[in-house]
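Have a look at the structure below before the remarks.
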Amino acid sequence: YSRASWTGGGEPYVEYLKSKRGKQPVIVVGSNDGMFHILNTTTLAEMYAYIPRAVYPKLWRLTEPVYIKQALVDGPITVGDAFINGAWGTFAIGTLGPGGKSVTAFNLTNPGSFGATTAMWEFTDPDLGSVMSKPVITRLADGRWAVLFSGGFENSDNSAVLFAVD
């Protein structure tokens with residue numbers, strides 16, 4: 001994006017990259033406790049955790065005396081930059097894989113201020129299925145930014161579907 005001529009590309013992106021150097025790096029992971037965790041890369045301390053609604057019905061099983069492993073938050077996670085609402089930001093898109101049928105977006109732009117708006121959206125759809133593909137954050141031909149991902153297995157009619165969420 002540093003050589004792009006569209007609004008936000010070129011020098012504005014270079015400046016954004018420079019500003020990221022002073023921010024706390026984070027790691028985003030999914031886990032079988034039913035949560036996405038955002039961790040400080042230096043201390044591995046948890047900075048934020050989120051339970052997707054799609055795993056709520058399975059959480060009670062974690063308290064069973066004899067634990068039987070189940071997939072909860074086991075899908076691929078993508079981290080990337082996008083130009084949204086006139087400003088650059090860094091975002092993570094997480095899937096549940098075989099753990100459920102939803103995709104969640106997180107705003108990682110300001111790691112020191114994670115809170116109620118860090119989880120931006122959780123996408124579900126009858127045609128979604130269990131997403132096993134890695135989402136892509138990209139700029140579309142019409143200038144909008146979107147997250148692209150394929151529908152997974154066990155969707156409503158077992159057909160291939162491509163989703164673009166902006």
Minimum heavy-atom separation for [X] to [Y], with atom names?
X: R61; Y: Y67; value: O-CD1, 4.5 Å
X: K23; Y: S19; value: CG-O, 3.8 Å
X: P52; Y: G34; value: CD-O, 3.4 Å
X: I137; Y: G80; value: CD1-N, 3.6 Å
X: I77; Y: G94; value: CG1-CA, 4.0 Å
X: T78; Y: P135; value: OG1-O, 2.5 Å

Could you tell me the separation between the [atom1] atom of [X] and the [atom2] atom of [Y], rounded to the nearest 0.5 Å?
X: T109; Y: Y16; atom1: OG1; atom2: OH; answer: 4.5 Å
X: K101; Y: T95; atom1: NZ; atom2: OG1; answer: 14.0 Å
X: L162; Y: L148; atom1: CG; atom2: CG; answer: 6.0 Å
X: T43; Y: E46; atom1: OG1; atom2: CD; answer: 11.0 Å
X: R139; Y: W6; atom1: CZ; atom2: CH2; answer: 5.5 Å
X: L96; Y: M132; atom1: CG; atom2: CE; answer: 11.0 Å

**Message:** Counting neighbours of CG on N85 that are heavy atoms of other residues, nucleotides or ligands and sit closer than 6.0 Å, is the number greater than 12?
**Reply:** no
**Request:** Determine whether more than 12 heavy atoms belonging to other residues, nucleotides or ligands lie under 6.0 Å from atom NZ of K134.
**Result:**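 Open.
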**Asked** Counting distance only, does the side-chain N/O of D166 pair as donor-acceptor with the main-chain N or O of W145 below 3.5 Å?
**Response**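 It does not hold such a pair.
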**Message:** Keeping S102 on the side-chain end and A54 on the backbone end, is there a donor-acceptor pair under 3.5 Å?
**Reply:** no
Common cluster, [X]/[Y], ILVMFWY with side-chain heavy-atom separation under 4.5 Å:
X: V79; Y: F91; result: no
X: Y50; Y: V29; result: no
X: L72; Y: L128; result: no
X: V28; Y: I51; result: yes
X: V147; Y: L140; result: no

Are [X] and [Y] packed together at the side-chain level, in the sense that at least one heavy-atom pair is separated by less than 4.5 angstrom?
X: V161; Y: D125; value: no
X: V103; Y: I93; value: yes
X: L62; Y: Q70; value: yes
X: L44; Y: I27; value: yes
X: F114; Y: N107; value: no
X: Y48; Y: F36; value: no
X: T118; Y: I38; value: yes
X: F153; Y: P98; value: yes

**Request:** Over 60° means perpendicular and under 30° means parallel, so classify the ring planes of W121 and F123, tilted if in between.
**Result:**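 If you compare the ring of F123 with that of W121, the planes turn out perpendicular.
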**Request:** Please report the C-alpha distance between L17 and V14 in whole Å, then the side-chain angles of each, then the deciding distance to 0.1 Å, and finally whether the side chain to side chain contact (heavy atoms under 4.5 Å, CB included) criterion is met.
**Result:** CA-CA 5 Å; L17 290 176; V14 171; 5.5 Å; no
**Asked** Can you check side-chain hydrogen bond (donor to acceptor under 3.5 Å, both in side chains) on D81 and T90, steps first, answer last?
**Response** CA-CA 4 Å; D81 297 333; T90 301; 2.7 Å; yes
**Request:** Could you tell me whether F163 and F149 have their ring centroids closer than 6.0 angstrom?
**Result:**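 So the answer is yes for these two rings.
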**Message:** Using the ring centroid of each side chain, check whether Y13 and W88 are separated by less than 6.0 Å.
**Reply:**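 That pair passes the under 6.0 Å test.
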